[in-house]
Amino acid sequence: METANPANTPTHTPSAKEKTSRIVSEYLKGKDEQWKALYERKGNLTLLELPVDILRLIVKEITHTNDLTALALTNSALYNLAVPLIYSRFDIVWPDGHITSSESKSVDALTYGLSTLCLGSPFARTTRRVFHPNAPPLAKFMGNEYAKYTKKFSLGNGPNDWVAEYMITKESGKMLGTLVAIAVAKMKNLETFVWDMPTGVLSDIFMALASLGEQTDNDCKLNRVWIRWHDNSDSLAGLSSAANPGAVVGASAVVPLGSQLTPIGILLPANATHPPARGPIPYSEHHCEYPTFSVLPPLKSLTVLDVDELAYLDEMAVLIERSQNTLQELRVGISAKAAHKDFVQTWDGAGLKQIDHRARWPGENNICDRRLGGVLGVLVGKIYDIRKRGFSRGKEKLVTDIPAAEVPSSPTTPVSTDTQAGLDHTTPTNNDAPSPQPAEAEHIEDVDAVQQGDDVTKIPAPAKPTRPSKPSSSGRRRLEGKLKLQTLELERVPLSMQVCRHAIDWSVLSSLTLLECAQHENLWKMLRKQFQPTPLGPGFGISSSSKPSSSSSPPQYHLALKYIHTDITTSALIAFIKETLAPNTLEVLFLQDRRRGSGPPPVTVDAIFKGALKRHRTSLQKLLIDSSAKPSGQNSATAISDNIRWRVWSLNAEILLYITSGRMCNLRELAVSLDYKDWHTFLQRLPNIPQLRSINIPHIADYVAGTFEPRELAHQIADIITVRPEIRMCYVGIGAKCFEIVEARDTGPSPMTSGASSPIAAVEDGPTAQLNGSSTNGNGTMPADQGNQGEDTSDEDEDGDEEAADADDSEDTDDDDHTPTTATSDPDETQSDNETPADEEDSDDDGFVEPDQGGVKLRLREILFYDDKVAIFRARHGKL
């Protein structure tokens with residue numbers, strides 16, 4: 001029997017005509033009448049004679065709304081195809097911050113857009129009555145079906161002065177909320193709801209979202225909700241003291257002297273007690289919107305930012321319980337004004353609870369604002385119980401709800417020097433921390449300083465109440481659920497190690513962001529110890545003679561983290577990245593150092609280079625290293641010291657040569673600070689990383705002319721791209737300015753006409769992406785002849801794991817922003833696609849013409865930072 005030789009078998013490559021014919025045949029399968037009509041037709045088909053499925057694919061390729069609108073006005077058939085795409089997204093992006101409010105009154109897209117979705121067209125009703133006098137009259141205010149096509153509803157943030165007009169405490173805000181609620185109730189295909197304006201969200205809107213889950217066909221498509229809350233302190237301050245005798249507006253939490261830090265939270269000494277419970281309050285005196293999250297259907301993604309009320313967390317706990325099996329993304333941010341309140345801090349004590357299971361709504365809570373485990377303890381209160389009851393194994397575990405007043409206080413146990421199994425915790429014996437003053441209480445900020453000690457000790461948990469002889473009527477099963485999240489982002493949320501370890505399944509988490517989160521260092525230590533790489537098991541279990549794996553066999557890693565963003569970098573984090581994550585698996589690394597006080601940083605840039613960059617050199621796609629201080633109002637002396645902080649992590653020559661050597665073959669976005677003496681080295685080696693899409697250089701040290709000019713440096717980068725067209729860079733951020741490199745082909749007699757320019761470089765990766773008129777290799781990697789050209793650094797100091805990682809595959813993966821696309825992070829940074837800065841009106845000096853490319857011209861277009869498109873631009877703010 002002869003076998004075909006694959007090497008000698010000619011391969012047939014289908015032509016474009018054959019591919020088109022196959023696609024048409026697949027879409028016409030089962031449609032004999034349409035196929036027969038096409039077969040019997042003589043001559044070429046017109047556009048409108050194509051099958052509807054083919055037309056739908058063609059119209060789907062049109063992305064600009066103006067083009068779709070023009071197409072819809074052409075023909076009724078095209079109208080029916082274009083309208084679903086026109087109304088599929090409802091995005092409100094505020095105008096630029098420098099435009100005066102009088103100029104913005106010409107078109108109010110928010111009001112007119114909502115009016116279109118809520119009501120019918122009066123023009124259509126009038127024309128129908130004029131042209132068809134005998135037609136039956138339409139019902140008054142009969143609506144349309146545009147809202148049913150909407151899949152994403154988004155209200156972005158804008159300038160503070162304009163957004164403040166829509167606060168829910170004002171008449172215009174109430175009117176806006178009512179319009180949105182009416183429109184959302186009609187969006188039966190809504191998938192994403194984004195409210196990023198800090199104006200507050202009416203409960204009517206949440207009820208409208210809840211109605212989407214009550215459709216007759218039970219087909220609720222809502223899976224992502226993004227809410228940014230408003231500052232609720234004004235409404236709270238307006239309440240009378242008679243209605244709230246125990247309320248203290250704006251009070252910060254205080255920690256008595258002698259408090260201990262346990263795996264759960266802050267444990268008070270024996271002579272201190274927690275504040276009493278406030279007791280239930282009537283709905284008329286409740287200053288928060290209700291209901292909110294508790295009525296929503298199960299979600300896949302939940303984002304709640306700028307939380308300043310405990311009631312919102314209690315509502316989120318109900319939704320998280322309902323979405324336990326579906327929730328994949330969770331983002332929680334605490335408001336800066338509420339960061340030091342009682343309900344935010346992590347607490348521990350015998351009389352504390354996570355949530356009140358008996359309360360039907362937040363106003364019925366009969367427990368104090370100090371919650372067991374803090375914010376995280378409240379969020380998982382419906383799926384995980386922190387308290388460990390002393391039940392024997394094998395018996396049913398019960399937890400009895402005992403009123404807080406009936407639980408006796410537990411005396412503080414002396415600190416032991418033993419290490420708690422599986423957890424690393426520190427004692428308040430930090431020599432660098434200031435000694436406590438002989439006062440009755442100290443501010444909560446001192447607790448974070450206590451957590452930075454190096455000594456590891458065990459702090460026993462307080463005494464636990466005994467199990468009742470028989471389960472009472474209020475008894476319930478013990479909650480031991482876990483959140484199987486893929487994305488977790490926290491801002492100003494103190495971490496409870498007990499909740500982090502037992503209520504989150506870290507084996508499936510792929511993206512982690514921690515910004516201004518206390519006890520972050522303890523988290524890295526805990527994860528490093530809990531998920532240490534383990535050697536592979538002996539053999540494959542085929543026979544008893546299987547030998548154990550040798551010491552040289554690769555270890556087995558248990559975490560799948562690919563995205564890490566933190567605003568304070570410690571040695572514990574670098575050790576975690578180096579020892580706990582598999583080599584060449586980390587794709588996004590954003591390291592900032594904004595919370596450090598005066599003095600040298602805990603981690604040097606060399607430690608980051610050796611512990612993180614080299615370890616994941618072939619997998620890193622987005623990298624940000626920034627040691628500058630967080631911008632804030634400060635005195636001149638502090639501002640001067642912060643102005644030079646970025647120099648600490650400025651790349652030295654060795655690291656720069658490594659990054660530009662070609663070893664980091666998948667790097668797409670880079671944000672670092674440089675020294676000017678290495679600037680020309682960076683330009684010369686830029687062709688070694690042609691796959692780089694975006695770069696941000698916020699600082700350049702020791703510039704020869706004093707203050708550097710961003711446009712001049714951006715021109716130098718554009719010169720390199722002109723000479724080496726395989727470089728696919730699109731966005732360049734230098735200092736406080738951002739530029740887009742665009743190209744234009746000559747369309748008229750004048751080769752220097754600036755009006756012919758159009759941006760063609762996209763941020764998305766893909767085998768067909770082109771930049772500056774030239775396409776590189778399909779996978780975006782550099783040509784083989786460029787290899788490791790000019791490598792001046794060696795990897796002799798790499799450990800054995802890193803040397804073994806060279807054999808790992810480095811196939812490209814798609815970029816993932818990990819964040820829903822909304823308006824720009826900075827309300828005052830809004831970019832208009834049609835706007836051209838004043839200094840670019842005459843762009844003759846911005847052109848770079850390459851004679852061999854037939855008049856292709858590269859030019860710089862100054863833009864605002866595209867925070868919604870480029871991850872390094874968005875991450876530079878250090879906030880969610």
Side-chain angles (χ1 to χ4, degrees), residues 587-592 605 613 617 620-628 646 649-651 655-676 678-701 703 708-742 759 761-765 769 771-772 776 780-782 815 817 848 858-877:
E587 298 177 357
V588 180
L589 181 62
F590 296 152
L591 298 180
Q592 295 176 297
V605 68
L613 269 62
R617 57 186 175 274
L620 275 176
Q621 298 179 9
K622 303 173 184 180
L623 176 64
L624 181 145
I625 302 177
D626 181 19
S627 61
S628 60
W646 58 268
W649 282 358
S650 179
L651 298 189
I655 302 177
L656 180 62
L657 290 175
Y658 188 91
I659 293 177
T660 57
S661 65
R663 294 187 178 111
M664 304 181 71
C665 55
N666 287 318
L667 192 62
R668 300 292 190 271
E669 300 179 13
L670 177 65
V672 293
S673 298
L674 300 177
D675 196 314
Y676 185 71
D678 299 323
W679 173 252
H680 290 88
T681 302
F682 167 74
L683 294 178
Q684 294 172 1
R685 299 171 67 86
L686 196 58
N688 292 343
I689 46 177
Q691 76 283 351
L692 194 65
R693 302 290 203 282
S694 306
I695 187 170
N696 185 29
I697 305 177
H699 305 284
I700 296 181
Y703 188 66
F708 63 90
E709 175 58 36
R711 178 176 289 274
E712 178 183 352
L713 299 179
H715 276 306
Q716 297 178 19
I717 295 179
D719 287 338
I720 301 298
I721 299 177
T722 303
V723 177
R724 303 297 295 269
E726 70 272 10
I727 301 176
R728 305 169 68 180
M729 188 173 297
C730 180
Y731 298 106
V732 178
I734 299 180
K737 293 186 177 181
C738 184
F739 304 92
E740 183 179 16
I741 301 177
V742 297
V763 180
E764 294 81 16
D765 295 338
L771 181 62
N772 304 333
T776 62
T781 58
M782 58 185 176
D815 291 344
D817 290 338
F848 303 89
L858 297 183
R859 58 183 292 268
L860 292 177
R861 185 168 73 98
E862 183 174 350
I863 61 175
L864 298 176
F865 284 90
Y866 275 147
D867 292 348
D868 57 339
K869 292 184 178 181
V870 183
I872 57 174
F873 293 165
R874 180 173 60 250
R876 80 190 198 278
H877 300 289

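Quick caveat: nothing in here was measured; it's all calculated off a predicted structure.
- Taking every heavy atom of both residues into account, Ala714 and Phe739 meet most closely at CB-CD1, 3.7 Å.
- The minimum heavy-atom distance linking Arg685 with Ser661 is given by the pair NH2-CA, 3.4 Å.
- By the 4.5 Å heavy-atom criterion applied to side chains, Leu624 and Leu589 are not counted as neighbours.
- Closest approach of Gln691 to Met664, counting heavy atoms only: NE2-O, 3.1 Å.
- Shown here for Glu726 and Pro687, the closest heavy-atom pair between the two residues is OE2-CB, 4.3 Å.
- Atoms CD and CZ, on Glu669 and Arg874 in that order, are 8.5 Å from each other to the nearest 0.5 Å.
- Summarising the geometry of Ser650 relative to Ser673, their closest heavy-atom pair is OG-O, 3.4 Å, with the distance given to 0.1 Å.
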List the steps, then state whether side-chain contact (heavy atoms from CB on, under 4.5 Å) holds for Leu860 with His715. CA-CA 8 Å; Leu860 292 177; His715 276 306; 3.5 Å; yes

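- Residues Ile717 and Leu683 meet the side-chain proximity criterion, which asks for heavy atoms closer than 4.5 Å.
- A 4.5 Å side-chain heavy-atom check between Asn696 and Val870 finds every atom pair outside the cut-off.
- Residues passing the ring-ring contact (aromatic ring centres under 6.0 Å, His included) test with Phe873, sequence neighbours excluded: Phe865.
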Step-by-step side-chain contact (heavy atoms from CB on, under 4.5 Å) determination, Asp867 to His877: CA-CA 9 Å; Asp867 292 348; His877 300 289; 2.9 Å; yes

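- A salt bridge is absent between Arg711 and Glu709; no separation between the charged side-chain nitrogens and carboxylate oxygens falls under 4.0 Å.
- Using a 4.5 Å cut-off on side-chain heavy atoms (C-beta onward), Cys738 and Leu864 make no contact.
- For the atom pair CD (Gln716) and CG (Leu686), the distance works out to 12.0 Å, reported to the nearest 0.5 Å.
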Ile659 and Leu613: side-chain contact (heavy atoms from CB on, under 4.5 Å), yes or no, with the steps? CA-CA 9 Å; Ile659 293 177; Leu613 269 62; 4.1 Å; yes

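- The aromatic rings of Trp646 and His699 lie parallel to each other, with less than 30° between the two planes, well short of the 60° mark.
- Between Phe682 and Trp679, the two ring planes are tilted [angle within 30° to 60°].
- A donor-acceptor pair under 3.5 Å is absent between the side-chain atoms of Asp626 and the main chain of Gln592, judged by distance alone.
- Between Lys622 and Glu587 there is no side-chain heavy-atom pair separated by less than 4.5 Å.
- Atom CG of Leu670 and atom CD1 of Ile695 lie 5.0 Å apart (nearest 0.5 Å).
- Rounded to the nearest 0.5 angstrom, Arg663 CZ and Leu657 CG are separated by 9.5 Å.
- One finds the CG atom of Leu623 at 14.0 Å from the CZ atom of Arg668 (value rounded to the nearest 0.5 Å).
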Please determine whether side-chain contact (heavy atoms from CB on, under 4.5 Å) holds for the pair Asp675 and Ile700, giving the CA-CA distance in whole Å, both sets of side-chain angles, and the decisive distance to 0.1 Å. CA-CA 5 Å; Asp675 196 314; Ile700 296 181; over 6 Å; no

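- Atom CG of Leu656 and atom CG of Leu651 lie 6.5 Å apart (nearest 0.5 Å).
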